[in-house]
Asks: 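Here you go, one structure.
A note on names: the letters A, B, ... follow the listed sequences, proteins ahead of strands, and every chain is numbered from 1.
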There are 2 protein chains.
Amino acid sequence: MPDPTLLEMAIESAGRRLTRPRRAVAALIDARDGAFSAADLVADARGQRLGIGRATIFRAIELLAEIGALERIDLPTGDHAYVPCGPAHHHHVVCRRCSRSVEIGDLGLAALARDIARKTGYRIDEHRLELFGLCPDCRRVGAPA
Amino acid sequence: MPDPTLLEMAIESAGRRLTRPRRAVAALIDARDGAFSAADLVADARGQRLGIGRATIFRAIELLAEIGALERIDLPTGDHAYVPCGPAHHHHVVCRRCSRSVEIGDLGLAALARDIARKTGYRIDEHRLELFGLCPDCRRVGAPA
DNA sequence: CTCCGATTCGAGATCGGGTATCATTCGGAG
DNA sequence: CTCCGAATGATACCCGATCTCGAATCGGAG
């Protein structure tokens with residue numbers, strides 16, 4: 001197994017077993033380069049006749065999300081998708097056509113959250129910012145939708 | 001029908017029929033004062049022996065969301081919930097204990113989005129910011145969780 | 001007020017993402 | 001190499017949400 005991927009290393013350094021099915025799921029995710037749904041991975045696995053069980057794929061996604069190598073985002077449609085990402089606090093910009101996403105840093109949001117906390121009296125524990133649009137490639141190629 | 005509620009007026013002014021089941025759903029929502037799930041409304045309706053069909057409740061929610069009187073938010077758990085709200089662009093702060101929510105204005109987010117667009121090259125069409133925490137009441141009452 | 005067509009409803013089937021169960025297999029520490 | 005708990009996979013199941021379709025309702029025209 002040359003060239004252990006980032007996802008594989010993340011699993012290992014989290015002290016979880018690096019099993020064949022998990023490697024396979026990691027490979028599927030790497031092959032995707034963008035946000036994907038659980039159903040996408042299930043379809044990919046079936047298409048490649050990997051003998052990966054449906055439940056295993058969901059469990060692998062759950063695991064990767066737990067260790068912070070994956071994050072669930074909520075599409076404007078209400079569907080769930082997942083994006084691979086690093087451990088630091090950040091947010092995502094997702095292309096609504098090709099699903100490629102980039103991470104962006106905090107960008108002053110923490111300060112904004114504090115501001116909101118002060119104004120509303122709420123204690124803010126958690127926030128989520130998601131941005132959707134067209135990536136540079138899709139802007140060029142497609143109609144400006 | 002004295003005292004037409006905001007939700008009912010929203011339906012009417014959108015040119016949609018103001019039917020009895022829709023009024024009933026609007027009343028259920030008004031009685032809730034906070035974020036709720038579709039399942040909550042279904043349970044409420046059953047509890048009150050309103051003869052409202054399941055599908056009708058979902059359709060009413062969909063309608064209210066379409067006309068902007070309701071907005072779907074995505075809880076950190078991945079579940080969907082809905083909050084009644086006005087038509088202007090805004091975001092929500094939701095109490096994770098009692099589900100009461102307050103709207104907050106744009107607060108410079110549009111500018112932030114423009115900034116992000118410039119940095120990433122994406123064309124940002126849509127963004128969503130959701131904040132979760134404890135409302136003032138729940139801060140006082142409960143343990144500081 | 002009455003009538004009529006379009007809209008909306010209600011009941012139930014169905015769909016699809018996600019989870020639970022459980023016997024079997026596997027990773028990897030020792 | 002052995003061994004045991006973690007992980008797997010097949011399957012059944014759960015539940016939120018949607019689809020279908022005949023029946024009931026709404027509300028504007030007359």
Side-chain angles (χ1 to χ4, degrees), chain A residues 1 4 7-28 35-46 48-67 69-82, chain B residues 1 4 7-28 35-67 70-82:
Chain A
M1 187 61 55
L7 290 176
E8 289 179 353
M9 290 196 296
I11 292 173
E12 222 167 20
S13 64
R16 310 304 216 84
R17 288 191 181 172
L18 190 50
T19 65
R20 191 165 45 74
R22 285 176 180 171
R23 284 180 208 254
V25 171
L28 290 178
F36 55 88
S37 68
D40 288 335
L41 292 193
V42 172
D44 289 354
R46 298 204 53 180
Q48 299 184 212
R49 324 265 165 197
L50 313 170
I52 314 282
R54 178 185 161 69
T56 300
I57 293 176
F58 279 94
R59 283 187 290 236
I61 290 173
E62 184 184 22
L63 167 63
L64 290 169
E66 267 177 37
I67 66 179
L70 221 54
E71 190 171 308
R72 193 193 58 236
I73 58 179
D74 299 286
L75 268 20
T77 60
D79 295 329
H80 290 162
Y82 301 86
Chain B
M1 189 58 55
L7 289 176
E8 289 179 354
M9 289 195 296
I11 292 173
E12 222 168 21
S13 64
R16 309 304 216 84
R17 288 192 180 170
L18 190 51
T19 66
R20 192 165 44 75
R22 284 175 180 172
R23 285 180 208 253
V25 171
L28 290 178
F36 56 88
S37 68
D40 288 335
L41 292 193
V42 172
D44 289 354
R46 299 203 52 179
Q48 299 184 212
R49 324 265 164 195
L50 313 171
I52 313 283
R54 180 184 166 68
T56 300
I57 292 176
F58 279 92
R59 283 188 288 236
I61 290 173
E62 184 183 22
L63 167 63
L64 289 168
E66 267 178 37
I67 66 180
L70 220 52
E71 190 171 309
R72 192 191 58 237
I73 59 178
D74 299 285
L75 267 20
T77 60
D79 295 329
H80 290 163
Y82 301 86

Asks: If you walk 5' to 3' along DNA chain C, what is the first nucleotide with an atom under 4.0 Å of a heavy atom in chain A, and what is the last?
Replies: dG17(C) to dG28(C)
Asks: How long is the gap from CE on Met9(A) to CG on Leu18(A), to the nearest 0.5 Å?
Replies: 11.0 Å
Asks: Leu28(A) and Leu50(A): side-chain contact (heavy atoms from CB on, under 4.5 Å), yes or no, with the steps?
Replies: CA-CA 11 Å; Leu28(A) 290 178; Leu50(A) 313 170; 4.2 Å; yes
Asks: Minimum heavy-atom separation for His80(B) to His80(A), with atom names?
Replies: NE2-NE2, 4.3 Å
Asks: Enumerate the side-chain hydrogen bond (donor to acceptor under 3.5 Å, both in side chains) contacts for residues 39-50 of chain B, please, sequence neighbours excluded, ordered by first and then second residue.
Replies: Arg32(B)-Asp44(B), Ser37(B)-Asp40(B)
Asks: Using whole Å, what does the distance between atom C1' of nucleotide dT8(D) and atom CD1 of Ile11(A) come to?
Replies: 14 Å
Asks: Starting at CD of Glu8(B) and ending at C1' of dC26(D), how long is that distance when rounded to a whole Å?
Replies: 15 Å
Asks: Rounded to whole Å, how long is the line connecting atom CG of Leu63(A) with atom P of dT8(D)?
Replies: 8 Å
Asks: Taking all atoms of both residues into account, what is the closest heavy-atom pair of Ile52(A) and Pro21(A), and its distance?
Replies: CD1-CA, 3.7 Å
Asks: What is the distance from atom OH of Tyr82(B) to atom CG of Leu70(B), rounded to the nearest 0.5 Å?
Replies: 8.0 Å
Asks: Taking all non-hydrogen atoms of both residues, which atom of Ala26(B) and which atom of Leu7(B) are closest, and how far apart?
Replies: O-CD1, 3.7 Å
Asks: Take the protein atom CZ of Arg59(B) and the nucleotide atom P of dT20(D), then report the distance between them rounded to whole Å.
Replies: 12 Å
Asks: Give every pair of a protein N or O atom and an N or O atom of nucleotides 14-18 of chain D that lie under 3.5 Å apart, one pair per line with the distance.
Replies:
unit_1	atom_1	unit_2	atom_2	d
dA17(D)	OP1	His80(B)	ND1	3.4
dA17(D)	N7	Arg54(B)	NH2	2.3

Asks: Quick one, Phe58(B) with Arg54(B), criterion side-chain contact (heavy atoms from CB on, under 4.5 Å). Give me CA distance, side-chain angles, the key distance, then yes/no.
Replies: CA-CA 7 Å; Phe58(B) 279 92; Arg54(B) 180 184 166 68; 4.2 Å; yes
Asks: What does the inter-axis angle of the helix from dC1(C)-dG30(D) to dG30(C)-dC1(D) come out as, five pairs per end, nearest 10 degrees?
Replies: 40°
Asks: Would you list the pairs meeting salt bridge (Lys or Arg N to Asp or Glu O under 4.0 Å) in which at least one residue belongs to residues 71-82 of chain A, sequence neighbours left out?
Replies: Arg72(A)-Asp74(A), Asp74(A)-Arg128(A)
Asks: Would you classify Gly51(A) as touching base, sugar-phosphate or nothing, given that sugar-phosphate means primed atoms plus P, OP1 and OP2, and contacts are heavy atoms under 4.0 Å?
Replies: sugar-phosphate
Asks: Of Arg20(A) and Leu18(B), whose closest DNA chain D nucleotide lies nearer the 5' terminus?
Replies: Arg20(A)
Asks: So, for Ile57(B) and Val42(B), which heavy atoms are closest and what is the spacing to 0.1 Å?
Replies: CD1-CA, 3.7 Å
Asks: Please list, chain by chain and in numerical order, all residues satisfying side-chain hydrogen bond (donor to acceptor under 3.5 Å, both in side chains) with Glu66(B), sequence neighbours excluded.
Replies: Arg16(B)
Asks: Compare the minimum distances between each of dG9(D), dA7(D), dG27(D) and the side chain of Thr56(A), then state the nucleotide with the smallest one.
Replies: dG9(D)
